[in-house]
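Here the structure is a predicted model, which is why all the values come from computation and not from measurement.
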Amino acid sequence: MDPGTFRYQNLSSPNAIRLLILEPSKDQDEELRGTLTHTTLEDCDHELIEAYTALSYVWGDPTLTGTLTLSGHVFTITATLAAALRDLRDDTRPRRIWADALCIDQTNIPERNSQVGLMGLIYRVASHTVIFLGHSTPETDRVLQSAPHSSMNFYPSWNQSQRHEIVQAARFEILNRPWFFRVWIFQELILSRDPWVQIGRRRVRWKDFCHLLLHNGPNSLSRGKPDDGEEPLRMLDRMNRSYINGGGGNNAGNMLALLKARRGLGATDARDFVFAHLGIASDQWNVAQSVPIDYCSALGHVFARMAFYILETEDVETLITLLDQQAGVTNGEIPTWAPDWRMVPSPCAPMYKSNKLSHARVLLAPTLFLEKHNILGLVGHSVGTIKDVSATFPMSSTLDLQGMVSYQDTVSKIAALYNSTGGVYYRGDSNGQHAMVSIRNREEEHLELCRGLFEEWARFLEHLPVTCPTDPPHQHEQFIESLRTWTEGQLGKPRIFVTSESNDLMYIMWTYLHPKATASSLDGRRLATTHDGKLGLVPAQAQKEDCIVNILGCQVALVVRPVKVEPEEETGIHEDLMFKLNGRQSLQEPGEKHPQYLDRLPMHGPVVGVEHYAVIGSCCFDGVDPWAINQIPKGSSLRVYAFH
């Protein structure tokens, strides 16, 4: 926004704000005129006569502009703001309005930082908030005209056909407008005393708008998975529930819950994915200490600090799950270990985790953050390196699983064999629970059935389309050969090969190809083998020669990719990470005692070396259960992994 010849006067106190005094006009097309006045939030909160209205709107395309004359100076504003002011302008009386693009000097970064921190209070103190959704149409006029007037105790009666027409008009003419998909609007709505929905010059109260479209609330929506037509209403219902239950922002949830609920929405400045929620997060004071509002900070640094806050207040596994839940790969400005909140949620199911084995209790899981480099340091050990990867598996819901007659028949025969010999039972020891089945005197039959099962897997994979254009030629075919080698090695092992009692890769494949399964960890991911013969489930972005590591405090393994670092920079990063790890400058004091990381287990050895990686995502490999008691690494195999 270009202020032209207009000059802002500095705000005089930390809680001072500006208000636009918009001059009246009966002519819709007349030039917009007004002045900016300074006041304080305390004064506004006690004002009984000249209260102000807060404007909630979408900035829109910055190349489409209008003008406003402020104290005789021409001020350029976006076309959407110009339209909002024209429709808000009164015929005869000046109107006091707070609009962020006007009332905050957007070129003054310190002021912008301070005012954004006050925005929660600005919307709380405003006597009304107008949610401006843009130009009107005959359909939008009909919707707003149909709304009740609860303050007048007027509730119009509509028959089912009439209401259906009104709701349909709202779905396609109102609920798909950009305002509903912007990150700022959540705070602006739930903090408002009296929100109104305005389209053109017509407006209704938010609660009346929702009453009209939601009727008797969520019971009027169909149960189960909504169709495309119902999703806008479900979105409106969620927003209205947040407004009703928000308690002025006191019950909105913590920062992590807010970020998860709003990820992938629109924001003119992506840093606002964090900053826009500070006014309503239940842990706002703690977040503000870790991620202060600062528009001088690069986007990558803001997201990195937010990720480290999540790591410190939750755990490593929560952070990794957030990375798995984003669709696509972030660009280079965001560290690979930090969630990119601009990305929409991924449809992939959570990564598989075994719950059968006993795990060591982690006593110490160091988390090291080098702010200067946006590097996260975590302690862990290597599991292996990827040799071959498959094509990406399609969503299981898109497959004709009933048509896989031969496969389903083989599965049924193996399950019937298990039942005929007494079924699956469990044995427990200090390492955990182990599923067992007796196949005495039927070993050959079981062997042939399992061989047939693996052949069905291979046939399925042979027909799997290679949808990623960057996959190297013949990569998928090479994986199938590696898979055949792995499956041959499984034949004759005392394990469950099908049914819900199976585990690891057997369970993953069984659920993926089961006709009644709702979702599978394999959806949208790949299979991979390592150089030492392991088979596992990896992210779609995984490649040959990516590494597999286990991280202290996390029960899923990670796929990581080596990062090249210049020797001089590598030395500095190594020293900084080891200094943070040891908590003192001297890293090699005589008689130094190294920390014990796991309960009752002999891991007193030093953490040796720093290795540099990018995070690709979580994974699981058959028979590999991170930090299971029977799989604890020995000696000085621990490393600090510097994630870039």
A.B. asks: Using the test side chain to side chain donor-acceptor pair (under 3.5 Å), find all partners of Arg238 that sit at least two apart in sequence or belong to another chain.
C.D. replies: Glu231

A.B. asks: Assess, by modelled atom type and distance only, whether the side chains of Arg495 and Gln490 contain a donor and an acceptor separated by less than 3.5 Å.
C.D. replies: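 Looking only at side-chain atoms, Gln490 and Arg495 do form a donor-acceptor pair, the distance falling under 3.5 Å.
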
A.B. asks: Measuring from atom CE of Met404 to atom CG of Leu399, what distance do you get when rounded to the nearest 0.5 angstrom?
C.D. replies: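 Result: 7.5 Å between the selected atoms.
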
A.B. asks: Does atom CD (Glu545) have a neighbourhood of more than 12 heavy atoms from anything else shown, all under 6.0 Å?
C.D. replies: yes

A.B. asks: Please check if the side chain of Gln408 supplies one atom and the backbone of Leu401 the other of a donor-acceptor pair under 3.5 Å.
C.D. replies: yes

A.B. asks: Tell me the ring pair (Phe, Tyr, Trp, His ring centres under 6.0 Å) pairs involving residues 375-425, sequence neighbours left out?
C.D. replies: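 Sorted pair list: His381-Trp627, Phe393-Tyr512, Tyr418-His446.
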
A.B. asks: In chain order, what residues pass the side chain to side chain donor-acceptor pair (under 3.5 Å) check against Glu501, with sequence neighbours excluded?
C.D. replies: Tyr426

A.B. asks: Check this for me: does any side-chain nitrogen of one of Asp504 and Lys534 sit under 4.0 Å from a carboxylate oxygen of the other?
C.D. replies: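 Salt bridge: no.
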
A.B. asks: If the condition is salt bridge (charged side-chain N to carboxylate O under 4.0 Å, His left out), which residues does Glu477 pass it with, not counting sequence neighbours?
C.D. replies: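 By the salt bridge (charged side-chain N to carboxylate O under 4.0 Å, His left out) rule, Glu477 matches no residue at all.
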
A.B. asks: From Ser290 OG over to Glu312 CD, what is the distance, rounded to the nearest 0.5 angstrom?
C.D. replies: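 Spacing of OG (Ser290) from CD (Glu312) equals 8.0 Å.
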
A.B. asks: Restricting to pairs with a member in residues 374-391, which pass salt bridge (charged side-chain N to carboxylate O under 4.0 Å, His left out), not counting sequence neighbours?
C.D. replies: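 Passing the test, one end in residues 374-391: Asp388-Lys544.
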
A.B. asks: Which residues satisfy the side chain to side chain contact (heavy atoms under 4.5 Å, CB included) test with Ser438, sequence neighbours excluded?
C.D. replies: Arg440

A.B. asks: Look at the rings of His476 and Phe479 and say which category their plane angle falls in: under 30° parallel, 30 to 60° tilted, over 60° perpendicular.
C.D. replies: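 Aromatic pair His476/Phe479 classed parallel.
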
